[in-house]
Amino acid sequence: MDRYNFTEIEKKWRKHWENHPINNADDQQKKKYYCLDMFPYPSGEGLHVGHWRGYVLSDVLSRYKILNGFRVLHPMGWDAFGLPAENHAIEHGIHPSASVSANVATFKRQLMEIGAVYDWSCEVNTTDPAYYKWTQWIFVQMYKNGLAYEKDMPLNWCPSCNTVLANEEAQGGECERCKSPVTKKMLRQWMLKITEYADRLLDDLDGLDWPIKVKKMQADWIGKSYGAELDFSVENSSEKIRVFTTRPDTIFGATFIVLAPEHPLVAELTSEKCRANVEEYIKSATAKSSVERMSDKEKTGVFLGTYAKNPLDDGLRMPIWIADYVLPDYGTGAIMCVPAHDERDFEFAKKFDLYIREVIKSPADFPKDTVFAGDGEMLNSGRFNGKHNRAALEEICEESEKLGFGKKTVNYKLRDWVFSRQRYWGEPIPIVHCPDCGTVPVPEEDLPVLLPDVKSYQPTDTGESPLADVHEWMSTTCPVCGKPAKRETNTMPTWAGSSWYFLRYADPFNSEKLAAEELLKQWLPVDYYVGGVEHAVLHLLYARFYTKFLYDIGVVDFTEPFTKLFNQGMITRNGRKMSKSIGNGVSPDSIIREYGCDALRMYELFVGPPALDSDWDDSGIEGTFRYLNKVWKFFNEHREKIVATTPELEHLRHVFVRDITVRLENLSMNTVVSGFMEQTNALISLAKKLGGVDEEILLTLAVLLAPFAPHLAEELWMMIGGTDSVFANPWPTYDESKIKSDMADIALQVNGKLRGQMAIPAAAELSEILPQAREILEKWLDGKEVVKEIYVKGRILNIVVR
RNA sequence: GCCCGAGUGGCGGAAUUGGUAGACGCCCGGGACUUAAAAUCCCGUGAGGCUUGCCUCGUACCGGUUCAAGUCCGGUCUCGGGCACCA
C-alpha cells in the first residue's frame, strides 16, 4: 500500500467520463466556453512531453470552467494534409491516407491517456472528403467574390519540395518546411486576395486579447506604411518613373533614382553606352537566390546612363541606376534616393560617389558623416526652407497633387496569398478549365472534388502537380457549356483546411452547410486558443482572413475567430528543443506507465511558467508523484478521523482555496502546484495536531485537485462518500476576511538591515510595539541617535539611526 | 542592425509588484525503520568567517533614487527567439 494504484484508478475514471460526459455541452442554461488547442499534424513520431504542455494547460482550463458552471467545448482533430505524409508515401509506396490513419490512432491513444476532456464526438479530419468538401466550398465562394484569381508571376519555389510557397512560408528566403533556399520560378498560380483585407487584419488586432508579441509580428508582416507615390520625368524620354516614398519631405535631397533590376522600364531607360554593363548586372542579380541577395550587405548597382528630373528642383539632374537592394515587388519597384537621410542610400552614394545634399538640419552635436533620419528644420529646399519637415511633408504632398506628379498613398508588405501547390496530398482546387468558358468553378452540388488515386506521388520540377498524370480524372466536362474540359490539377496549401476547422467543431457532421448557423452562434468565437508561437503569422493570419471573408458573405456573425490566445513555452531537454533528429524527445508513454498521467500532468505544469520555455528534468516527476501519493495516503488515513471544524481548519481551507484560485486565474500553473504542496503539508501538520480534519477540507481539496489530477480527484471524492463525479461540485469559494490573521510576524530592521523578528497583533500601532522592538534591537541602537522610524503594518519596522 | 523575452543556489524555479531573497520541488549528504534494499518519515543543504551563535557578502555587471531595490531609473554585458536592404 505504498503507492496508489494509478493505473487502475486512471483507467476506471477515463471509462467513466466516456460513458458519462462531464462537460455539460448540452445544458443550454449554462454559459458556453470554447477552449481550443491548435490541432496537430499527426506525424509518425507520436507525441512527446513537449507537445503535452499546451494540451494539459487547455485541459486544466476546460475542467476549471466546468467546475465553474460552464458548458464546455474542448474538441480535437487532425490537420492531416501536407508534405510529411506524402513524402512517407513516396518513400514507402503506402497511400498517405493509410499512414495518416495509423498516426491518428497513435495520437488519439496518447491524447486519451492524458485524461483530457476532449469531446471525441466532434473530431474532425481535414483529409476527410466530408470535411474538405467545405474547404473547397469556401474556395468557390472566394472565387465568386473575386478573391481567388489566377496569375502568372515569379514565385517562391522550393527545389526540394518541388512546389511553390506562399510568402509566409518563405520567410527569410528559406522553405518553412525543409529549410532549403527558395528560388524564383515563373508560374501560373492561384492567388487569394488577402491584401484586400490588409487594413481590417491590421486594425482588428487592437481588440484581441493576444500576446503583444504575436500582434506585433502580424502588424509587421502586414507592414502598412504611409507615404506618397511620385513621378519623375526622364530627360529625352516621354517615360516617367513612379516611386514610392515615406518621406516626400526630403524630395529636394533626392539626388538619384534606383530601380529594381527587374523593373519593366530598365531596358528602355538604358543608354547604348551602358547597355552591356546593365545586362550583365541584371543577369548576375537575378541568378542569385533570395538568400544570397538578402545576405549580400555590400551595395552593388550600375548606372543606366540616363537622368531623371527632380519635379521640384529643375536644376537637379538625377542619375538613374539599378541595384538589387531595391525590391521589385514592394512599392513601385523604384525609389528616389536621399543619401543624406537614408542609411542605405547613403551607403550607395558613398560607394559610387554620388551627390549628397542635406535637406533637414541635424542637431548640433550630431556626428559627422552619418545619416540623420530624424525630424527637424528644412534647408536647401527652396520655399520650404525653415519649415519643420513634418509640416513640409503635407505641403509637398498637396503640391504634388496640384502639379500632377504625385499623390499620398499607403503601402503594405503583405502580398496576396499564393494558394496552389504542385503536390498530391492536398485538397484539389475545385476549378474546371474550359477552352470556351475559361476558368469555371465546380458547382456546389458536385463538391467535393475527390482526390483521385495516383500511381506516383512524386512531385516534378516542371511546376505540374502529380494529378496532371491522372488523365481520366483530369478530363471532365465544362459545368457551363458541357464541352470537354480539364480539371485544375493543383492542390491547396495545408493552411486551407486549418483556416476554418474551429468552425466545423460546432457542427462536424453537417452535410448541408459548413456548420449550422445556430450552432455557430452557440459556440463561436473560440474563447481560449492554446498553441505554439510558430503559427503567429501563418495559421493565425490565414484563419483571421477566412473568418472575415465568411463574415462578409454572411456565414458567421463575428469577425475575429480567437478572442484570447495563449502561446505555451517550449519544453527543452538539456537546453535544446525536443526533436527526433537530436534524439532528446521524451515519450509520455513510459512515464505514464511508471507514474500515471496525473503525476505527469502535474509535472508538465510544475516544470515552469507556462508562457516560458522550460527544461525537462527526468527526475522532476518524482516530486509531483510523491505529492499525489501523499494526498492519497492522507485521505485514506483521515476519512474516518473526522473532527469538528476549528478556526484553524477554516483558516487553512480559505487560504488553500485562495492560493489555488488566484494562481490558476493568473495562469501561474507552476505556483499552483507548489501551492498544493505547501498547503497540503500545512494540512498534514494541522491534522496531526488536531487528531483529524473536518469533512469540509477533504471535500475542498478533492475539488481543487480536480482540474489538475482529475483521476485521483474522482477517486478521493468517492473515498469520502461522493457519488457520480467530483465535477458535479461547484468550485470552492474563499472569504478574504477568514484569511486575515490577528497576529503577524514582522521584520525588524536597523538602517535597512534585518536585525530581528517579532510577533505582534496585526493591527498594532507603532507606539504599541516600539518598546519591545527597542529591547530586541538594543544592541544595534545603543548609543545611536534615532533619526526616523518607518513602520509598515504587518510587515516591517525599520529604525534609522545615526 | 531593429523588435521582443530572459539572466536569482548544484538544478527547475518562488518572491503578495518597493518591505524578512531563495517558497515549492529535484539532486546530494546525514539519520530512523528494515536481515538488506525499495518505499516512507525526520534533519541538513547560497558563499565565506569565527567565539556555533552570530557576523559579512550575495539576485549578470557599473552607477543612481530610497529608510528600504531581485523589483524603479540610467548605462553595459551575455544568452534565447523573431524580423531583416519594405524605400
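So you know, we letter chains A, B, ... as the sequences are listed, proteins then strands, and number each from 1.
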[atom1] atom, [N] versus [M]: distance in rounded Å?
N	M	atom1	answer
B:rU45	B:rC24	P	13 Å
B:rC33	B:rA39	C1'	11 Å
B:rU78	B:rC62	C1'	15 Å
B:rG7	B:rU16	P	14 Å
B:rG49	B:rU34	C1'	41 Å
B:rA32	B:rA38	C1'	16 Å
B:rG12	B:rG80	P	15 Å
B:rU8	B:rC61	P	10 Å

Checklist entry - Is there a donor and acceptor pair, one atom on the side chain of A:Arg663 and one on the base of B:rU16, closer than 3.5 Å? => result no
Checklist entry - So does A:Lys299 reach the base of B:rC85 with its side chain, donor to acceptor, closer than 3.5 Å? => result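 Checked by distance alone, the answer is yes.
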Closer than 4.0 Å, any side-chain N/O of [X] to the OP1 or OP2 of [N]?
X	N	result
A:Asn567	B:rG5	no
A:Asn681	B:rC24	no
A:Tyr325	B:rA87	no
A:Ser225	B:rA87	yes
A:Arg755	B:rU20	no

Under a 3.5 Å cut-off for both distances, is [N] Watson-Crick or wobble paired, and to whom?
N	answer
B:rC26	B:rG10
B:rA21	none
B:rG58	none
B:rG5	B:rC79
B:rU52	none

Ignoring hydrogens and geometry, is there a side-chain-to-backbone donor-acceptor pair from [X] to [Y] under 3.5 Å?
X	Y	result
A:Tyr281	A:Asp324	yes
A:Asp231	A:Gly406	no
A:Gln568	A:Leu57	no
A:Arg415	A:Thr195	no

Checklist entry - Looking at A:Phe352, A:Phe348, A:Tyr355, A:Phe346, which hits ring pair (Phe, Tyr, Trp, His ring centres under 6.0 Å) with A:Phe256? => result A:Phe348
Item to check | Side chain of A:Leu612 (C-beta onward), nearest among B:rC24, B:rG5, B:rU40 | outcome: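 The answer is B:rG5.
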Checklist entry - Can you tell which of B:rU20, B:rC26, B:rC67 lies closest to the side chain of A:Ser619? => result B:rC26
Checklist entry - When rounded to the nearest 0.5 angstrom, what distance separates CZ in A:Arg755 from CG in A:Asn798? => result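 Interatomic distance, A:Arg755 CZ to A:Asn798 CG, rounded to 0.5 Å: 11.0 Å.
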